[in-house]
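Treat the numbers as computed from the prediction; the structure is a model and nothing was measured.
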Amino acid sequence: EAQVTQNPRYLITVTGKKLTVTCSQNMNHEYMSWYRQDPGLGLRQIYYSMNVEVTDKGDVPEGYKVSRKEKRNFPLILESPSPNQTSLYFCASSLSRGGGRETQYFGPGTRLLVL
Amino acid sequence: QKEVEQDPGPLSVPEGAIVSLNCTYSNSAFQYFMWYRQYSRKGPELLMYTYSSGNKEDGRFTAQVDKSSKYISLFIRDSQPSDSATYLCAMSGPYGGATNKLIFGTGTLLAVQP
């Protein structure tokens, strides 16, 4: 089954404790991205990757890191989480750039609470 | 001003009603218009896609784009309780252009009452 998986689905942590949210897709997609979803603000792109070893900032990259060492995986790293990073996070992938007519496929989401 | 504006709702309708969901946008370079549906505790999934102006129909769903007014709509006929979800509009410019990133609206929460 074609899918995007994320782990963990729920996470409670404390300020400053490094964490990683994993994302994996099995569709051989080149383009992957991370979004956060907040009430009243909608989906905002954090980082994206056009292909292996190619990453770039989205609209709200501060406080986040990513890496793309393999085509299928795109982990999101919070090196020193803060309460304002409490949010619902989605990983997404598409065949190419993600604009135009490309369909983006979303993972199930990771709900993060930073105390 | 946000590039894409969408009424957050919530919108509550009785089963069988016709539902109208709308978005306005400011960037005239947008050419691709999409509606994503997001069920509670799930990721968004593509519902409908339209290129440029006009209508597109798929079963009970109709997407309309009016580029002259920078206004897009999604109509749901004979709404069902299973249609209860958040609906997000999304749009982008031409592939390879400066505006080819997908821009989302904030989403409208729809509840269809049985």
Side-chain angles (χ1 to χ4, degrees), chain A residues 1-10 21 23-25 27 29-50 56-61 76 87-112, chain B residues 1-10 21-25 27 29-52 54 56 58 63 65 85-109:
Chain A
E1 179 190 356
Q3 60 182 351
V4 178
T5 57
Q6 293 178 231
N7 282 293
R9 293 290 312 278
Y10 303 92
V21 183
C23 172
S24 183
Q25 50 93 4
M27 295 170 278
H29 284 167
E30 290 186 350
Y31 183 85
M32 297 185 73
S33 61
W34 276 101
Y35 294 87
R36 60 179 290 174
Q37 188 176 38
D38 302 288
L41 297 176
L43 280 164
R44 294 180 293 167
Q45 192 178 54
I46 303 170
Y47 267 95
Y48 65 92
S49 170
M50 302 281 279
D56 207 347
K57 296 177 181 178
D59 299 315
V60 288
L76 179 69
S87 188
L88 179 58
Y89 292 87
F90 289 102
C91 180
S93 74
S94 61
L95 197 57
S96 61
R97 165 66 180 171
R101 61 165 298 167
E102 291 294 340
T103 301
Q104 289 211 36
Y105 296 86
F106 285 83
T110 295
R111 190 168 291 278
L112 172 65
Chain B
Q1 182 190 7
K2 290 181 182 176
E3 279 192 287
V4 179
E5 299 274 4
Q6 183 175 10
D7 187 335
L21 304 167
N22 312 293
C23 287
T24 58
Y25 63 95
N27 192 335
F30 288 149
Q31 292 186 356
Y32 299 88
F33 304 92
M34 285 142 275
W35 287 94
Y36 280 78
R37 178 174 60 194
Q38 184 178 14
Y39 289 116
S40 180
R41 303 187 191 282
K42 301 282 188 183
E45 56 180 354
L46 183 67
L47 183 61
M48 293 195 71
Y49 147 79
T50 309
Y51 172 70
S52 195
K56 186 173 185 178
D58 184 1
V65 175
T86 297
Y87 291 81
L88 302 105
C89 63
M91 48 198 78
S92 72
Y95 182 82
T99 56
N100 63 347
K101 186 176 69 173
L102 205 57
I103 307 294
F104 286 89
T106 53
T108 300
L109 178 61

When you compare the side chain of A/Q37 with that of B/Q38, does any pair of heavy atoms fall below 4.5 Å?
yes
Taking all non-hydrogen atoms of both residues, which atom of A/L41 and which atom of B/T106 are closest, and how far apart?
C-CG2, 3.8 Å
Between B/P8 and chain A, with a heavy-atom cut-off of 4.5 Å, which part of the residue counts as in contact: side chain, backbone, both or neither?
neither
What one should report as the nearest heavy-atom pair of A/L43 and B/P44 is CD1-CG, 4.1 Å
Proximal component of A/Y10, with respect to chain B [non-hydrogen, under 4.5 Å]
side chain
Engaged part of B/L88 at the chain A interface, taking heavy atoms whose separation is under 4.5 Å:
side chain
Chain B contact via A/R9 - which portion, at a heavy-atom distance below 4.5 Å
side chain
Atom CZ of A/R111 with >12 non-hydrogen neighbours under 6.0 angstrom:
no
Highest number of heavy-atom pairs under 4.5 Å with chain B: which of A/F106, A/F90, A/Y105?
A/F106
For A/Y35, is it the side chain, the backbone, both, or neither that has a heavy atom closer than 4.5 Å to a heavy atom of chain B?
side chain
